[in-house]
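See below for the structure under consideration.
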Amino acid sequence: MPQVAITLAEGRTPAQIRDLMHEVHTAVLRTVNTRPEYIRIVVHEVPRTHWATGDVTLTEMDAARAEQTRVAADEYSDQSVTRDLVTATDEEQS
């Protein structure tokens, strides 16, 4: 009787988790000589604050990634404003 344990960080929808269980079940059924009703799949969801890689929690990684995105968006916005100012100045001079 195959039993598959999957550990995920929280954040997936119930539909995503159900799709995952279905796909894993299908793979086990296809590759192991057993009956479908004998396959057990357990999904454990772990809070992102309780999962760390390299002494950085997933929550901390998310925050750092969000900050990088914000800074990049601010830089892009600043470049757009500069382009608009340069274009306006060019048009005034012509």
Side-chain angles (χ1 to χ4, degrees):
M1 177 174 354
Q3 179 170 331
V4 179
I6 301 168
T7 304
L8 295 172
E10 285 181 335
R12 273 77 174 190
T13 66
Q16 289 173 313
I17 292 172
R18 183 63 186 101
D19 288 345
L20 172 64
M21 290 189 298
H22 172 74
E23 293 297 328
V24 170
H25 181 271
T26 301
V28 171
L29 188 59
R30 185 180 64 246
T31 58
V32 178
N33 186 22
T34 191
R35 295 171 54 179
E37 62 270 20
Y38 293 159
I39 300 171
R40 306 286 188 260
I41 300 168
V42 179
V43 177
H44 302 275
E45 287 188 282
V46 178
R48 297 180 77 75
T49 56
H50 295 178
W51 188 314
T53 301
D55 197 31
V56 179
T57 68
L58 296 179
T59 301
E60 293 165 342
M61 288 181 201
D62 294 342
R65 200 170 297 122
E67 177 63 17
Q68 288 174 343
T69 301
R70 187 193 64 74
V71 168
D74 288 349
E75 288 174 359
Y76 178 78
S77 177
D78 290 347
Q79 290 173 359
S80 295
V81 168
T82 301
R83 274 196 305 271
D84 292 346
L85 289 173
V86 168
T87 302
T89 302
D90 289 347
E91 288 173 357
E92 289 173 6
Q93 292 177 357
S94 51

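Scanning for side chain to side chain contact (heavy atoms under 4.5 Å, CB included) contacts around Thr31 gives an empty result, with sequence neighbours left out. Looking at residues two or more places apart in sequence or on another chain, you find a salt bridge (charged side-chain N to carboxylate O under 4.0 Å, His left out) between Arg48 and Asp62. In this structure Glu67 satisfies the side chain to side chain donor-acceptor pair (under 3.5 Å) test together with Arg70, sequence neighbours excluded. Arg30 pairs by the salt bridge (charged side-chain N to carboxylate O under 4.0 Å, His left out) definition with nothing, not counting sequence neighbours. Every residue two or more places apart in sequence or in another chain that forms a side chain to side chain contact (heavy atoms under 4.5 Å, CB included) with Val4 is listed here: Ile6, Val24, Val28, Ile41. For Pro36, the side chain to side chain contact (heavy atoms under 4.5 Å, CB included) test picks out His25, Leu29, with sequence neighbours left out. Legend: residues meeting side chain to side chain contact (heavy atoms under 4.5 Å, CB included) with Thr69, ordered by chain and number and at least two apart, are absent. When the salt bridge (charged side-chain N to carboxylate O under 4.0 Å, His left out) test is applied to Asp19, no partner is found at least two apart in sequence or on another chain.
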**Request:** Take Thr49 and Thr57 through the side chain to side chain contact (heavy atoms under 4.5 Å, CB included) test and state the conclusion after the steps.
**Result:** CA-CA 6 Å; Thr49 56; Thr57 68; 5.5 Å; no

**Prompt:** So Leu58 and Val46, side chain to side chain contact (heavy atoms under 4.5 Å, CB included) or not? Walk me through it.
**Reply:** CA-CA 10 Å; Leu58 296 179; Val46 178; over 6 Å; no

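Members clustered with Val42: none, using a 4.5 Å side-chain heavy-atom cutoff among hydrophobic residues. Think of Val71 as one node in a network of Ile, Leu, Val, Met, Phe, Trp and Tyr side chains linked at under 4.5 Å; it has no links at all.
Here CE of Met1 is found 11.0 Å from CD1 of Ile39. Values are rounded to the nearest 0.5 Å. For the atom pair CZ of Arg65 and CD of Glu60, the computed distance is 12.5 Å after rounding to the nearest 0.5 Å.
Pairs passing the side chain to side chain donor-acceptor pair (under 3.5 Å) check and including a residue from residues 36-46, sequence neighbours excluded, read Arg35-Glu37. Applying the salt bridge (charged side-chain N to carboxylate O under 4.0 Å, His left out) test to every pair with at least one member in residues 2-11, sequence neighbours left out, gives no pairs at all.
Pairing each heavy atom of Thr13 with each of Gln16, the nearest pair is N-OE1, 2.8 Å.
Hydrophobic cluster membership is shared by Trp51 and Val56, with clusters built from Ile, Leu, Val, Met, Phe, Trp and Tyr side chains linked at under 4.5 angstrom.
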